[in-house]
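Have a look at the structure below, then the notes.
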There are 2 protein chains.
Amino acid sequence: MAKKETIEKTPVDCIPHLKAIQDTQDILSGKWKVLIIGSLAFSKKRYMELQRVVEGIGPKMLSKELQELEINGLVRRTVLESKPVTVEYELTAYGHTIKPVIDAMASWGKQHREKVISEIKGK
Amino acid sequence: MAKKETIEKTPVDCIPHLKAIQDTQDILSGKWKVLIIGSLAFSKKRYMELQRVVEGIGPKMLSKELQELEINGLVRRTVLESKPVTVEYELTAYGHTIKPVIDAMASWGKQHREKVISEIKGK
DNA sequence: CAGCATCCCTTAAGATACTG
DNA sequence: CAGTATCTTAAGGGATGCTG
């Protein structure tokens, strides 16, 4: 079979690459998911602990984003049988596989903040 | 000076970590920035090329997000002196430093897509 | 070609109050 | 404690049309 005569300039093979990026972006969509994962990466936490650590998040958003993370298999929710009900959240094994993304964000963000500060001082 | 008497349980030293993550999230905020960076990571591109590669983006969003990236020093805009004006966009040296974040997203997204597909087929 | 101006609309997300 | 329900708002983002 002959090649198409109208060969598009650089049909850009990077598109599958962009699709993959988009997939990750979808999973991490919303204002709080990366922060939730970032804090669960340290250790499992109860609902209230999460709300305290992730500053600014309200109960509605917290539970919504946790549910989405659970649906995608990144987070496990465990109800503990205690006097007042307690619920524990933790990263699943699969959830841990996304840590490199969050770690990359953390380390770039760290150096970026330092850079911005040094620019201000240097001025 | 005495320590505060109400010592909070795990005052969570992970908060600076979360702040850093949030900084990166801010810089990459919006629906298209990671895709723009992802496609510029391959090679510099003209405005129209970007609009073609980043499927679905409109001219308004494209120029808006490019401006924000330029302001943050990740992208350089160059006007070329050609018949009909042409503008070229490329990552700055600093822009390249954020590639690890995008690469991590790309590679996680890739395996995630494969995992999801295999789960569907396996069912 | 590159990109701004305008209008419009959906949706993310906050505040508040209530339940098992 | 761990959420849900409802209301409301701000804003992100799309479509269209125009300009240098």
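As a basis for the values below, the full set of heavy atoms in this structure was taken, side chains included, without hydrogen atoms, waters or symmetry mates. Naming: A, B, ... by sequence-line order, numbering from 1 per chain.
Rounded to a whole Å, the NZ atom of B:Lys60 is 13 Å from the P atom of D:dT16. Straight-line distance from the CE atom of B:Met61 to the P atom of D:dG12: 9 Å, rounded to whole Å. In this entry the distance linking CH2 of A:Trp32 with C1' of C:dA13 reads 9 Å, nearest Å. In this structure, CZ of B:Arg46 is placed 8 Å from P of C:dC1, rounded to the nearest angstrom. Distance, A:Leu80 CG to D:dA2 C1': 12 Å, rounded to whole Å. Regarding B:Asp26, its CG atom lies at a distance of 15 Å from the C1' atom of D:dA11, rounded to whole Å. Rounding to whole angstrom units, NZ of residue A:Lys64 and P of D:dA5 are separated by 15 Å.
Close to D:dT4, at under 4.0 Å from its OP1 or OP2, lies a side-chain N or O of A:Ser63. In this structure, B:Gln67 reaches the C:dC4 phosphate: one of its side-chain N or O atoms is under 4.0 Å from OP1 or OP2. Using a 4.0 Å cut-off, some side-chain N or O of A:Tyr89 falls inside it from OP1 or OP2 of D:dG3.
If you check residues 34-42 of chain A against DNA chain D, you find no residue with a heavy atom closer than 4.0 Å. Within a heavy-atom distance below 4.0 Å of DNA chain D, no residue of residues 68-77 of chain B is found.
Picking from C:dA13, C:dG3, D:dG3 the nucleotide with the shortest atom distance to the side chain of A:Pro59 gives D:dG3. Nearest to the side-chain atoms of A:Thr86 among the listed nucleotides C:dG3, D:dG3, D:dA2 stands D:dA2.
Counting non-hydrogen atoms under 4.0 angstrom, B:Lys31 reaches the backbone sugars and phosphates but no base. Note on B:Met48: only backbone sugar-phosphate atoms sit closer than 4.0 angstrom, heavy atoms only; bases stay farther off. When heavy atoms are screened at a 4.0 angstrom cut-off, A:Glu65 is found touching the sugar-phosphate backbone but no base atom.
One axis for each end of the helix from C:dC1-D:dG20 to C:dG20-D:dC1, each built from five base pairs, and the angle between them comes to 50° at 10° resolution.
B:Val53 has its side chain out of reach of B:Leu35: every pair of non-hydrogen atoms, C-beta onward, lies at least 4.5 Å apart.
Listed for the B:Lys33 side chain is a donor-acceptor partner under 3.5 Å among the backbone atoms of B:Ser29.
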